[in-house]
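The structure appears right after this line, and notes come after that.
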Amino acid sequence: MKKLLFFVFLSFLCQPAKAENTSLIQESKPFLGFELSSNSVGMTDGLDQDVEDSFSSVAVSLGTKIQAKTPLSFALFYQKSAKEEKSSYGWYSSEADFYAFGIDASAYFPINKKTDLFGTLGLGRYEFSVSDNFNRSLEEEHIGARFGIGLEYKMAENLALNGSLRYVKFDYDSKTDYIEDMTEFGIGIKMSF
């Protein structure tokens with residue numbers, strides 16, 4: 001799957017998008033993005049009493065934005081959270097973190113010359129790790145469907161600031177899994193080339 005995502009991304013990045021080729025596409029610009037997020041994870045079976053369910057994370061994305069009638073972008077992302085600790089009952093402590101990678105597609109709707117509203121859909125692979133002070137550990141892997149909405153403000157021709165709210169629905173099985181879904185709020189910066 002990693003190879004397929006890479007080749008899809010590479011084909012968008014390497015194709016020249018010029019106005020003389022088609023009247024719908026005006027230009028294609030590669031970009032690099034960074035995002036800081038606050039993540040809230042939905043857990044079952046009371047696990048959130050013993051394990052932290054709020055995370056801070058950082059994400060890096062590499063993609064291309066296609067200027068068209070409705071501007072679109074496609075991006076590969078990698079996201080990593082900080083290790084979050086939680087103590088309970090005075091004698092128990094745990095530590096949890098996650099990482100993710102995948103692809104997002106976004107559509108942009110201009111509000112004015114500098115501000116766009118955007119909607120995003122994506123797919124990611126997530127891995128959560130939990131360990132406690134009794135040397136027990138739990139790892140859980142999920143495929144997540146990502147849905148988001150946000151605003152992007154153009155500070156300069158090749159620099160934009162954005163904020164987004166995203167919901168991630170995991171492939172949850174109530175018999176074997178503890179982690180159901182995640183919501184995140186992110187603030188980021190995007191540099192175009």
Side-chain angles (χ1 to χ4, degrees), residues 1-6 8-9 33-63 73-107 117-152 161-190:
M1 182 167 170
K2 289 182 197 177
K3 289 181 182 178
L4 176 64
L5 291 175
F6 176 75
V8 168
F9 172 74
F34 299 95
E35 183 180 81
L36 297 174
S37 298
S38 173
N39 312 88
S40 179
V41 177
M43 299 180 181
T44 59
D45 299 325
L47 187 63
D48 59 344
Q49 294 176 7
D50 299 324
V51 176
E52 185 59 55
D53 60 355
S54 295
F55 296 88
S56 297
S57 67
V58 63
V60 178
S61 60
L62 179 63
S73 73
F74 300 92
L76 297 175
F77 74 89
Y78 177 80
Q79 182 177 13
K80 177 78 174 109
S81 78
K83 283 191 181 285
E84 304 290 350
E85 296 181 28
K86 185 168 188 174
S87 296
S88 52
Y89 315 113
W91 51 268
Y92 181 80
S93 67
S94 65
E95 195 173 71
D97 67 339
F98 76 89
Y99 76 89
F101 62 88
I103 188 166
D104 286 325
S106 302
L117 174 70
F118 66 88
T120 182
L121 294 172
L123 194 63
R125 182 188 174 277
Y126 290 76
E127 185 172 314
F128 293 87
S129 297
V130 178
S131 59
D132 66 16
N133 56 334
F134 293 104
N135 293 321
R136 296 179 298 183
S137 63
L138 166 73
E139 289 191 3
E140 199 166 295
E141 297 177 6
H142 290 282
I143 299 296
R146 297 161 49 94
F147 309 93
I149 189 167
L151 288 173
E152 183 170 282
L161 183 67
N162 56 55
S164 62
L165 180 62
R166 186 178 295 114
Y167 174 72
V168 183
K169 179 63 178 162
F170 296 124
D171 57 341
Y172 171 75
D173 182 346
S174 61
K175 294 178 184 175
T176 59
D177 297 330
Y178 294 99
I179 298 170
E180 291 185 60
D181 58 11
M182 181 167 66
T183 54
E184 57 187 10
F185 173 72
I187 296 175
I189 194 161
K190 185 188 289 183

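FYI, side chains are in, hydrogens and waters are out, and symmetry mates aren't considered; it's all heavy atoms of this structure.
Checked for salt-bridge contact, Asp181 and Lys169 miss the test: no charged N lies under 4.0 Å from a carboxylate O. Ion pairing between Asp53 and Lys86 fails under the 4.0 Å rule for side-chain N and carboxylate O.
The environment of Glu127 atom CD is dense: over 12 non-hydrogen atoms of other residues, nucleotides or ligands sit within 6.0 angstrom.
At distances below 3.5 Å, not a single donor-acceptor pair connects side-chain atoms of Thr183 with backbone N or O atoms of Tyr167. Judged by distance alone, the side chain of Asp171 and the main-chain N or O of Ile143 form a donor-acceptor pair under 3.5 Å. A donor-acceptor pair is defined here as one N or O able to donate and one able to accept, closer than 3.5 Å; no such pair exists between the side chain of Asp177 and the backbone of Ile179.
No side-chain heavy atom of Val130 sits under 4.5 Å from any side-chain heavy atom of Tyr178. A 4.5 Å side-chain heavy-atom check between Met43 and Gln49 finds every atom pair outside the cut-off. Counting heavy atoms from C-beta on, the side chains of Tyr78 and Tyr99 come closer than 4.5 Å. Annotation: side chain of Ser56 is in contact with side chain of Glu84 (closest heavy-atom distance under 4.5 Å). Counting heavy atoms from C-beta outward, Glu35 and Ser164 have side chains that approach closer than 4.5 Å.
Rounding to the nearest 0.5 angstrom, the gap separating the OG atom in Ser37 from the CZ atom in Phe55 is 13.0 Å. Distance check: Ile103 CD1 to Ser61 OG gives 11.5 Å after rounding to the nearest 0.5 Å. The distance from the OG atom of Ser106 to the CG atom of Asn162 is 9.0 Å, given to the nearest 0.5 Å. Between atom CZ of residue Arg146 and atom OG1 of residue Thr120 there is a gap of 7.0 Å, rounded to the nearest 0.5 Å. The CD atom of Glu85 sits 10.0 Å away from atom CD of Glu52, with the distance rounded to the nearest 0.5 Å. To the nearest 0.5 Å, the span separating CG on Asp104 from CG on Leu123 amounts to 9.0 Å.
Between Phe101 and Phe77, the ring center distance fails the sub-6.0 Å criterion.
With no hydrogens or angles considered, no side-chain donor-acceptor pair links Tyr92 and Asp50 at under 3.5 Å. A donor-acceptor contact under 3.5 angstrom links the side chains of Ser57 and Asn39, judged on distance only.
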Practice task
For side chain to side chain donor-acceptor pair (under 3.5 Å), just list the numbers for Ser93 and Ser87, CA-CA rounded to whole Å, side-chain angles, deciding distance to a tenth of an Å, and then say yes or no.
Solution key: CA-CA 4 Å; Ser93 67; Ser87 296; 5.0 Å; no
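For the salt bridge (Lys or Arg N to Asp or Glu O under 4.0 Å) condition, the pairs that include at least one residue of residues 133-143, sequence neighbours left out, are Arg125-Glu141, Asp132-Arg136.
The ring-ring contact (aromatic ring centres under 6.0 Å, His included) search around Tyr126 returns Phe170, not counting sequence neighbours.
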